[in-house]
Amino acid sequence: HRDLHSFPTRRSSDLADLDDYCVSTRIRAARNISGYGLPPGTSRKERFEVEQICSEALAGLTGELAGKYYPLVGMDKAIEDSLRGMVKKSLIEISKAINGDAKTEVTPLFKVDVVLGTQDNRVTLKPSTDDLKKMVNKIASELITVINVVSRVTELPAPTDDAPADEEAPMEQPSFYQTILNDPEILEKTMVFIMEGMAGNVAKTVTYTAQWDKYKAIWERNKDKTISRYAEQNQDVAAFEVDIGIYRDFEEEIKSEETIKNIKFCRLDCGRLKSQIVEHCAEWQRRFTTLLNQIANDELLTLHDMFESNAVILAEAPRDLDHLALEINLLTNLQEKLPETEARFKPLEDQYKALASFEVTVTEAEVERMDALPPAWTQFQTMLDKASVKLEKAKTNFRVTLLNQLEAFTERVESTRVEFKSAGPFNGELTVEEATASLAANRQLCADQRTAEVGMEAGMKVFDMEKP
């Protein structure tokens, strides 16, 4: 207590009502300089005197305890100079990292990934140059704002004898942050130099990324439309080999491009970009080989289906002249196209050889059908020879039948003509109604005979017979 410097002799038993107000008690004992109270109970003058007593006592220490006492009064200038020097040094280090100097070569400060943008398919940087500028600007700014937490030490002049005990010195000086922030050498020189260095690097990175535009067609060309047009044009295997080879060469060329490129303070990593473009090349190759495999498989299925379906048709015995004509026409057509059909085998073999050279794995069913193609072709030709013999025998049998049908047809037509000529409504013995009915009956009879004649035309064509 500021007024009670001696502890009176008191007994706790004298405080009869202590238990009514206290639950627990803790007593702390402390020592201080004789004649002075503890800090909460002293004036500014007394605190100043305590500082003088302590500093004189500390100055008398020797040996490893010896040292120099630095009073708080007068330290603001030293702290301000130290903080300003720290900010300047830090900003200069950033400036050297960005721009370099006569003694310092710029080394990469940031790792930047060069990638294809997912939205616009353009070569972009991650982080972007704008992001880097914002980052550096933020770091440089925080190097200054961080000193905002450092408060000034109040300048305390020595108290006079007539000063009030509770007198305090005024504090109206600007903070360290405000003072250093307005330093023109920091703002107008170092910070501006840093920002100019950042902006100057943008043009160089843009120029470098533009070099990848030589591969732009690889990722911008529409794969679906291109393959669709390719399929419509019915390209041969040589065209497939050329186009697939182009993308294989592109793939190797891209892989050989440099992966790391240092542009001043940025280390551009093109690994992801190269992987993305190589994947586009691989996708182009997959699209072409898939189309080639589809064309080859369709052709293989078509050939086997032609062999099997025609064999089934020609194996059936002709039921009538129409059926006989159908089989003869089919046989003739197939025999005429034998050279054309055989010529389809070589391109098919070349297609599967190309797929093998491009390391495309075809299905086991395709391998089996390709192996079965030569024997199926031999069997197909044998079947045509047997069908030719069978149809020749059928033609002999149907010729006799057709001749009989033609003879009977001729007789019916002649009989109808004679009867109509003799009994037709050519005199006045029949009424108008009777004459009309007679003409209608003969007209229907002629139509029936015309239908019978058309029914025999296929057979007559088979045997090269003239119409009766």
Side-chain angles (χ1 to χ4, degrees), residues 1-12 14-15 18 22-96 103 139-186 190:
H1 192 274
R2 63 187 301 170
D3 298 325
L4 186 59
H5 299 298
S6 61
F7 183 75
T9 303
R10 299 289 296 274
R11 295 180 179 275
S12 60
D14 296 340
L15 305 173
L18 183 63
C22 295
V23 176
S24 65
T25 303
R26 187 175 72 171
I27 299 174
R28 177 178 178 273
R31 299 174 66 86
N32 65 321
I33 297 175
S34 177
Y36 295 92
L38 295 174
T42 58
S43 66
R44 182 162 64 88
K45 179 181 178 182
E46 289 172 331
R47 290 198 294 272
F48 189 77
E49 292 174 353
V50 168
E51 181 187 16
Q52 289 181 322
I53 294 172
C54 290
S55 62
E56 291 175 359
L58 292 172
L61 296 176
T62 60
E64 62 180 13
L65 299 178
K68 183 177 180 181
Y69 172 70
Y70 293 93
L72 295 178
V73 176
M75 287 189 67
D76 274 0
K77 178 62 176 173
I79 295 174
E80 181 179 324
D81 292 343
S82 177
L83 291 174
R84 180 181 283 104
M86 177 196 70
V87 171
K88 285 184 178 181
K89 182 178 179 180
S90 299
L91 292 176
I92 289 173
E93 289 298 320
I94 293 179
S95 178
K96 286 182 179 179
K103 299 181 179 179
I139 293 172
S141 299
E142 288 180 351
L143 286 175
I144 303 175
T145 58
V146 71
I147 65 174
N148 200 25
V149 299
V150 182
S151 302
R152 284 186 177 276
V153 178
T154 304
E155 296 285 357
L156 296 177
T160 59
D161 293 337
D162 57 351
D166 57 352
E167 178 186 0
E168 296 291 341
M171 287 185 61
E172 296 295 338
Q173 297 181 353
S175 66
F176 292 131
Y177 171 71
Q178 294 172 326
T179 302
I180 296 174
L181 181 63
N182 295 322
D183 189 327
E185 187 176 353
I186 292 177
T190 310

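Computed from a predicted model, the values in this text were never measured in an experiment. Starting from 1, each residue takes its place in the sequence as its number.
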Q | Residue pairs passing the salt bridge (charged side-chain N to carboxylate O under 4.0 Å, His left out) test where at least one lies in residues 82-95, sequence neighbours excluded | A | E80-R84, D81-R84, R84-D183, K88-D183, K88-E185

**Q.** Member of I94, L91, V87 meeting the side-chain contact (heavy atoms from CB on, under 4.5 Å) criterion with T190
**A.** L91

If I compare all heavy atoms of [X] with all of [Y], which pair ends up nearest, and what's the gap?
X: T42; Y: R47; value: O-NH1, 3.1 Å
X: Q52; Y: S55; value: O-OG, 2.9 Å
X: L143; Y: S90; value: CD1-CB, 3.7 Å

Q: List the steps and the verdict of side-chain contact (heavy atoms from CB on, under 4.5 Å) for I33 and E49.
A: CA-CA 11 Å; I33 297 175; E49 292 174 353; over 6 Å; no

Q: Please check if the side chain of E56 supplies one atom and the backbone of I53 the other of a donor-acceptor pair under 3.5 Å.
A: no

